[in-house]
Visitor: 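Please see the structure below; I have some questions.
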There are 2 protein chains.
Amino acid sequence: MSPDLAAIGQRMRQFRTERGLSLDRVARLCGVSKAMLGQIERGESTPTIATLWKIASGLQAPLSRFLVGESGVVHRPTSPPRHRDASGMIVTPLFAFDPMLGFEMFAIELSQGCLSESSPHAPGVIEHVVVLEGEMELFVEGEWQTLAAGEVLRFAADQPHGYRNRGRAPAKVHDLIHYPFSA
Amino acid sequence: MSPDLAAIGQRMRQFRTERGLSLDRVARLCGVSKAMLGQIERGESTPTIATLWKIASGLQAPLSRFLVGESGVVHRPTSPPRHRDASGMIVTPLFAFDPMLGFEMFAIELSQGCLSESSPHAPGVIEHVVVLEGEMELFVEGEWQTLAAGEVLRFAADQPHGYRNRGRAPAKVHDLIHYPFSA
DNA sequence: TCGCGATGTGCGTTATAACGCACATCCCAT
DNA sequence: ATGGGATGTGCGTTATAACGCACATCGCGA
């Protein structure tokens, strides 16, 4: 969840040393003092976006090169951050929302007979549903659509929508919610 | 392209007013003083990445929402053509790549004993793996990590990485590949 | 008209990002 | 050893990000 501020310095240092650059050289390349660069790499200072941009620009690297959080770490759903809904939905977060990536992802189990109405999200929000097991129905744009295992549906979630399971077995789905770059 | 630092405040203000939020409300949502938010919106102050992260996270918006401008939304279901790899991987596209969303998503089945080495992708590319059935191993940052069903892993894919299945059953996983917003 | 809540901005203070410079260390070549 | 160049870190100063609070303004209803 947290931006992992300590790690952005480590990525910068790795990026720099990988191409054999000195702090002094980088300082001249991007117009940031090498003392500041050293502090950032050691996690003793969090840069402003202005200086981070100067660094990324001077190194010709995308911003996301330094900003992505928690890379290479396995998330084990040990004790459930698992959260049961009143309507019979069991929601398990898979990937927490990350501002740099713009989406979050859940595993959802729909018990038999479950019905969940969802009020519209913010404008531009898009949901992606992948059915893993069982069968479910999605209310989208005024009508119910049936999805079997292996089928997917992408829809605009800034409208009223809902999920239900009228089958005789629980349904397991993945739900990816993507937040827009513009409304 | 230049970051257009003056415009990031305008985008924040537009984002906020579009959903009828007050500075005070946003301040409480993301833990940043409303005075600071006002200054940022007016371009009188450039935030640190820490506060920008707090803002984006509190507003459930991607960082790139304020760093670059974009527009357009498409929502269409995709049909699944299936594609077998030489190494024993069966790759089924779930969601095709969409430039507006910045990612694509596959369902992958790893047959028993399968081994697939992947050369590095472009800088900033991030993969998200979710194990659905069976067990698999991922080579990330110099070491193999084991993932059981229900476990997930996010890693930087601009480095050498690989997948293999040394279990006795086929493994089913989802793979989401996110491409950075280069600048 | 009066007042009251809500909103956004100005102000003084504190925390800290960023700079320039000097110092310590390491690495070679002599 | 020994000196000199290159590298990374510590230190004092300055610029400014960030905070809390108070003030000005704008509806809106009594």
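All figures in this text were calculated on a predicted structure; none of them were measured in a lab. By convention in this document, chain letters (A, B, ...) are assigned in the order of the sequence lines, proteins followed by strands, and residues within each chain are numbered from 1. When reading the values below, keep in mind they use all heavy atoms of this one structure, side chains included, and skip hydrogens, waters and symmetry mates.
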Visitor: Look at the side chain of Ser22(B) and the backbone N and O of Arg25(B), then say whether any donor-acceptor pair between them is shorter than 3.5 Å.
Guide: yes
Visitor: Does Ser33(A) use its side chain to pair, donor to acceptor, with the backbone of Met36(A) at less than 3.5 Å?
Guide: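 A pair under 3.5 Å: yes.
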Visitor: Would you tabulate the pairs of protein nitrogen or oxygen atoms and nucleotide nitrogen or oxygen atoms of nucleotides 17-23 of chain C closer than 3.5 angstrom?
Guide:
residue, atom, partner, partner atom, Å
dA17(C), OP1, Thr46(A), OG1, 3.4
dA17(C), OP2, Ser45(A), OG, 3.1
dA17(C), O5', Ser45(A), OG, 3.3
dA17(C), O5', Thr46(A), O, 3.3
dA18(C), OP1, Thr48(A), N, 3.2
dA18(C), OP1, Thr48(A), OG1, 2.7
dA18(C), OP1, Thr51(A), OG1, 3.0
dC19(C), OP2, Ser33(A), N, 2.8
dC19(C), OP2, Ser33(A), OG, 3.0

Visitor: Nearest-Å distance, CG (Asp24(A)) to P (dT7(D))?
Guide: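 The answer, rounded to whole Å, is 7 Å.
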Visitor: Please name the pair of heavy atoms, one in Glu135(A) and one in Asn165(A), separated by the smallest distance, quoted to 0.1 Å.
Guide: O-OD1, 3.2 Å
Visitor: What residue pairs, at least two apart or across chains, pass ring-ring contact (aromatic ring centres under 6.0 Å, His included) with a residue in residues 107-134 of chain B?
Guide: Phe95(A)-His128(B), Phe103(A)-His128(B), His121(B)-His161(B)
Visitor: With a 4.0 Å cutoff (strictly under), does any side-chain N or O of Arg42(B) reach OP1 or OP2 of dG10(C)?
Guide: yes
Visitor: For dT7(C), does OP1 or OP2 lie under 4.0 Å from any side-chain N or O of Arg13(B)?
Guide: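 False: Arg13(B) side-chain N/O out of range (4.0 Å or more) of dT7(C) OP1/OP2.
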Visitor: Quick one: is Arg16(A) getting a side-chain N or O under 4.0 Å of the dT7(D) phosphate, OP1 or OP2?
Guide: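 For dT7(D), OP1/OP2 do not have a side-chain N/O of Arg16(A) under 4.0 Å.
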Visitor: Tell me whether the NZ or CZ atom of Arg11(B) lies within the 45° cone about the ring axis of Phe15(B) and under 6.0 Å from its centre.
Guide: no
Visitor: Roughly how far, to the nearest 0.5 Å, is CG of Leu52(B) from OG1 of Thr48(A)?
Guide: 10.5 Å
Visitor: State whether Arg25(A) places a side-chain N or O below 4.0 Å from either non-bridging phosphate oxygen (OP1 or OP2) of dG8(D).
Guide: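 Checking dG8(D) against Arg25(A), no side-chain N or O comes under 4.0 Å of OP1 or OP2.
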